[in-house]
Amino acid sequence: MKMNTKLTFLLMLILLPLLGGCDEEDDVMEIFTGKTWKLTYIALEGQHQMFNFWNNDTNAAKRSMQLLEQESSFTVEFNGSELTEYVGGDFKALAVNCSLEGNWAANGASRELRLIDIRTSGNDTDVLARAFRTGLTNAIRYSGDSQNLYIYYEDGQTTKYMAFHIK
């Protein structure tokens with residue numbers, strides 16, 4: 001082997017452990033904290049359009065969409081710090097007339113998400129607002145990055161997700 005080829009081969013061997021050691025764990029603090037998340041839509045897992053919570057009642061759907069467009073409705077904020085295996089802290093959310101607060105914990109490796117000790121005040125009659133509350137209460141995992149957040153939840157026999165953007 002030529003000296004150049006040997007040197008290249010040696011460099012590749014040295015760099016191989018570095019390439020194999022890339023961290024696949026999410027930066028949970030960067031994803032969740034320091035921003036207000038605003039609901040974009042709720043869909044069935046694997047789909048990308050708003051779930052038909054209104055059973056084709058166009059007036060009810062229109063009212064929900066108007067409420068969704070309000071700046072202060074359908075928002076959630078996460079505060080937290082890094083713990084041993086999880087990142088967690090407290091959160092506050094507002095549907096329309098119902099606010100929720102409690103604690104959260106997320107694992108960057110498994111992408112598991114739990115919202116616990118949830119306390120609610122107020123009540124919403126809007127179908128989408130109730131679905132938002134159900135989604136937060138039944139959260140099981142997340143995906144996303146610092147610009148888009150997806151919270152997956154179980155709703156009976158189906159898995160839905162809430163898509164959020166930064167407000």
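Positions are given from 1 along the sequence. Computed from a predicted structure; not experimentally measured.
Residues meeting the ring pair (Phe, Tyr, Trp, His ring centres under 6.0 Å) test with Tyr86, sequence neighbours left out: none. Residues forming a salt bridge (charged side-chain N to carboxylate O under 4.0 Å, His left out) with Glu154 (at least two apart in sequence, or on another chain): none. Applying the salt bridge (charged side-chain N to carboxylate O under 4.0 Å, His left out) test to Lys160 and every residue at least two apart in sequence or in another chain returns Asp155. Phe132 meets the ring pair (Phe, Tyr, Trp, His ring centres under 6.0 Å) test with Phe74; sequence neighbours excluded. Scanning for ring pair (Phe, Tyr, Trp, His ring centres under 6.0 Å) contacts around Trp37 gives an empty result, with sequence neighbours left out.
Rounding to the nearest 0.5 Å gives a distance of 12.0 Å between CG of Leu44 and CE of Met50. Interatomic distance, Leu113 CG to Phe78 CZ, rounded to the nearest 0.5 Å: 6.0 Å. Taken from CG in Leu68 to CZ in Arg63, the straight-line distance is 15.0 Å, to the nearest 0.5 Å. Here Arg141 contributes atom CZ and Asn107 contributes atom CG; the two are 14.0 Å apart, rounded to the nearest 0.5 Å. Distance check: Lys38 NZ to Ser72 OG gives 7.0 Å after rounding to the nearest 0.5 Å. In this structure, the separation between CG on Asp57 and CG on Asn52 is 9.5 Å, given to the nearest 0.5 Å.
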- Message: Go through it in stages, so that I can follow the logic: the residues are Ile42 and Tyr153, the test is side-chain contact (heavy atoms from CB on, under 4.5 Å), and I'd like the CA-CA distance, side-chain angles, deciding distance and then a yes or no.
- Response: CA-CA 10 Å; Ile42 301 176; Tyr153 69 96; 3.4 Å; yes
- Under the side-chain contact (heavy atoms from CB on, under 4.5 Å) rule, what do Leu149 and Lys35 come out as? Steps first, then yes or no, please. CA-CA 11 Å; Leu149 175 63; Lys35 56 193 76 94; over 6 Å; no
- Task: Applying side-chain contact (heavy atoms from CB on, under 4.5 Å), run through Phe164 and Val76 and close with a yes or a no.
- Result: CA-CA 9 Å; Phe164 290 89; Val76 62; 3.9 Å; yes
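Under the side chain to side chain donor-acceptor pair (under 3.5 Å) criterion, the residue pairs touching residues 91-100 are Ser99-Ser121, with sequence neighbours excluded.
For Trp104 and Phe91, the ring centers are positioned 6.0 Å apart or more.
For Glu82, the CD atom is loosely surrounded, since the number of other residues' heavy atoms within 6.0 Å does not exceed 12.
When side chains are defined from C-beta on, Phe51 does not count as touching Thr158, because their heavy atoms never get closer than 4.5 Å. For the pair Trp54/Lys62, no side-chain contact is recorded, criterion being any heavy-atom separation below 4.5 Å from C-beta on. Contact annotation: the side chain of Asp124 never approaches that of Arg133 to less than 4.5 Å [non-hydrogen atoms, C-beta and beyond]. Side chains of Leu136 and Met162 form a contact here, defined as non-hydrogen atoms less than 4.5 Å apart. Looking at Ile31 and Arg111, their side chains never come closer than 4.5 Å, going by heavy atoms from C-beta outward. Contact check for Met65 versus Leu128: side-chain heavy atoms found under the 4.5 Å cut-off.
Side chains of Tyr161 and His48: a donor on one and an acceptor on the other come within 3.5 Å.
In the hydrophobic clustering of this structure, Leu94 does not group with Ile166; members are Ile, Leu, Val, Met, Phe, Trp, Tyr whose side-chain heavy atoms approach within less than 4.5 Å, directly or through other members. Under the 4.5 Å side-chain heavy-atom criterion for Ile, Leu, Val, Met, Phe, Trp and Tyr, Ile116 and Ile140 are members of distinct hydrophobic clusters.
Counting all heavy atoms, side chain and backbone alike, Cys98 lies closest to Thr120 at SG-CB, 4.1 Å. Gly80 and Thr33 get closest at one heavy-atom pair: N-CG2, 3.8 Å. Heavy-atom minimum distance, Gly144 versus Tyr150: CA-CD1, 4.1 Å.
Side-chain atoms of Ser73 come within 3.5 Å of backbone atoms of Leu67 as a donor-acceptor pair (strictly under, hydrogens ignored). Side chain of Arg114 to backbone of Ala106: no donor-acceptor contact under 3.5 angstrom is found.
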